[in-house]
Amino acid sequence: MSSRPADPAPALFLCLFAVQAGVIALSPVLAQVAADFGVSTAAAGQLRSVSGLVAGFSAVAMGRLSGRLGLRELLIAGLSILAGGSLLSAASPTFAVLAVAQVAVGVGLAMVLSGGLAAAAEWSLPEHRARVLSWALLGQPVAWIVGMPVIGLLGDVSWRWGWVAVPFLASAVALAAVAMRQGDERPEPPVGAWRQLVEDRRVAGWALSELFAWSAWAGALVYAGALFVESYDVSTGTAGLLLGAAAVAYLPGNLLARGHVETSARQLLLAMPPIAAVLVALFGVYRPAVGFSAATLAVLATFSAARTIAGSAYGLQVCAQRRVFAMRIRTAANQFGYLLGSALGGLALAVGGYAALGVTFGVLFALSALPYAVSLLVDRSTSAAG
């Protein structure tokens with residue numbers, strides 16, 4: 001008899017909670033980190049770029065590792081590295097050591113995010129797959145909702161405690177949950193994986209769509225706080241609360257969409273981005289009152305959540321024999337999307353202000369639907385010719 005827990009959702013929820021905890025750990029305390037090491041806030045902000053770049057390239061390059069380890073072993077290794085990077089961050093005596101710690105955090109993020117989402121499909125029965133994937137993905141916004149205030153409060157004592165209390169503790173708890181599972185799945189063969197991305201138009205279109213969508217949504221999150229502060233002269237604390245409210249609004253989008261992703265993922269990926277495009281453009285262009293902008297961002301979060309679970313589910317469907325590979329691509333799109341969204345958003349902001357920023361992210365969201373529109377037209381043409 002198998003000793004595996006019947007439901008993998010709690011362990012995978014904890015895994016993605018730990019991932020997001022590692023992503024946000026610096027955000028509320030960036031100024032304190034900069035002051036502690038005598039560097040500028042802008043320089044300290046590059047630490048997130050370090051972990052993001054490392055996570056993106058690690059996701060692309062970890063094929064041989066995923067070919068040797070089963071999902072359980074991959075998650076255990078990733079969570080261990082993430083926990084170690086969190087402890088090293090907390091104990092860093094110099095800014096250079098903290099930067100090295102972010103490299104470890106980035107590697108751990110790539111392994112846990114890729115393995116955790118692949119495990120949602122591999123460790124669940126087909127009829128439970130959407131529910132397990134949904135619960136796994138909920139770990140990220142919940143980490144934002146819970147982790148931001150905790151890290152901020154602990155930052156009044158020392159920014160170092162935030163790394164211990166949130167990403168390290170979350171990684172340790174997730175590690176214990178994953179270690180309880182029996183590792184009986186075979187490693188995924190790495191040979192031929194990239195050929196599928198080149199030769200299968202569905203996989204290539206999905207990967208490109210994920211990059212566009214993550215660039216739009218992540219970019220909106222990067223600049224949303226500044227929009228609230230500069231447009232309405234609210235405090236940074238108030239801006240943080242408004243961003244937290246958007247994270248709460250992310251939850252119903254996930255829950256409402258999960259009942260449809262197994263049968264209608266492509267339809268959702270075709271329908272959700274145009275709505276998100278209009279909302280993010282409106283967020284930047286039309287700013288009559290702080291309440292209106294906050295509500296717009298919250299609704300945008302709901303539709304973005306629906307698109308996110310649909311995108312993950314579709315990737316797992318079209319790469320059914322290479323699910324770790326699919327989630328490696330998603331992880332790379334997620335991390336590189338933060339960088340691309342930040343860069344394009346900054347350029348748009350410099351050229352045309354928040355109106356240009358909103359339109360830029362709207363175009364990116366719209367482009368994320370294009371591969372599915374093309375795929376639908378090709379399928380209809382093929383069916384008509386047949």
Side-chain angles (χ1 to χ4, degrees), residues 9-30 32-33 44-45 47-52 54-56 58-59 74-92 98 101-117 119-120 135-179 218 221-222 240 243-244 246-248 250-251 254 301 305 308 331 334-335 338:
L12 298 179
F13 173 92
L14 291 169
C15 285
L16 268 72
F17 184 104
V19 163
Q20 190 65 23
V23 169
I24 67 171
L26 284 170
S27 298
V29 294
L30 201 59
Q32 292 95 316
V33 172
L47 292 169
R48 176 65 187 100
S49 297
V50 170
S51 62
V54 170
S58 295
L74 185 65
L75 287 171
I76 287 175
L79 288 165
S80 299
I81 295 171
L82 181 55
S86 299
L87 279 184
L88 183 59
S89 297
S92 295
L98 183 57
Q102 299 315 295
V103 172
V105 168
V107 172
L109 290 177
M111 296 171 70
V112 178
L113 189 55
S114 301
L117 293 176
W135 275 106
L137 287 169
L138 283 175
Q140 292 181 286
V142 171
W144 181 287
I145 296 165
V146 174
M148 282 288 196
V150 172
I151 294 169
L153 288 171
L154 290 173
D156 291 336
V157 180
S158 171
W159 61 267
R160 299 174 186 274
W161 285 112
W163 279 100
V164 177
V166 185
F168 171 73
L169 184 59
S171 299
V173 173
L175 182 60
V178 172
L221 287 179
V222 167
L243 290 175
V248 173
Y250 200 88
L251 305 181
N254 176 298
T308 296
T331 299
N334 172 274
Q335 297 300 314
Y338 268 98

Search all heavy atoms of [X] against all heavy atoms of [Y] and return the closest pair with its distance.
{"X": "Leu154", "Y": "Ala165", "result": "CD1-CB, 3.4 Å"}
{"X": "Gly115", "Y": "Leu75", "result": "C-CD2, 3.8 Å"}
{"X": "Gln20", "Y": "Trp144", "result": "NE2-CE3, 3.8 Å"}
{"X": "Phe168", "Y": "Ala83", "result": "CD1-O, 3.5 Å"}
{"X": "Val105", "Y": "Ser89", "result": "CG2-OG, 4.4 Å"}
{"X": "Ser58", "Y": "Ala110", "result": "CB-CB, 3.7 Å"}

Is there a side-chain contact between Val164 and Leu169 (heavy atoms, below 4.5 Å)? no
Phe13 vs Val142 side-chain heavy atoms within contact, under 4.5 Å: yes
Distance check, rounded to the nearest 0.5 Å: [X] atom [atom1] versus [Y] atom [atom2]?
{"X": "Leu98", "Y": "Arg160", "atom1": "CG", "atom2": "CZ", "value": "8.0 Å"}
{"X": "Ser86", "Y": "Ile81", "atom1": "OG", "atom2": "CD1", "value": "11.5 Å"}
{"X": "Leu113", "Y": "Asn334", "atom1": "CG", "atom2": "CG", "value": "6.0 Å"}
{"X": "Leu16", "Y": "Leu138", "atom1": "CG", "atom2": "CG", "value": "10.0 Å"}
{"X": "Ile151", "Y": "Asp156", "atom1": "CD1", "atom2": "CG", "value": "13.0 Å"}
{"X": "Leu137", "Y": "Leu117", "atom1": "CG", "atom2": "CG", "value": "5.5 Å"}

Side chain to side chain contact (heavy atoms under 4.5 Å, CB included), that's the test. Do Trp163 and Leu26 meet it? Break it down for me. CA-CA 8 Å; Trp163 279 100; Leu26 284 170; 3.8 Å; yes
Determine, step by step, whether Asn254 and Thr308 satisfy the side chain to side chain contact (heavy atoms under 4.5 Å, CB included) criterion, reporting the C-alpha distance in whole Å, the side-chain angles of both residues, the deciding distance to 0.1 Å, and the verdict. CA-CA 8 Å; Asn254 176 298; Thr308 296; over 6 Å; no
Residues in side chain to side chain contact (heavy atoms under 4.5 Å, CB included) contact with Val248, at least two apart in sequence or another chain: Ile145
Might you work through the side chain to side chain contact (heavy atoms under 4.5 Å, CB included) test for Ile24 and Met148, ending with a clear yes or no? CA-CA 7 Å; Ile24 67 171; Met148 282 288 196; 4.1 Å; yes
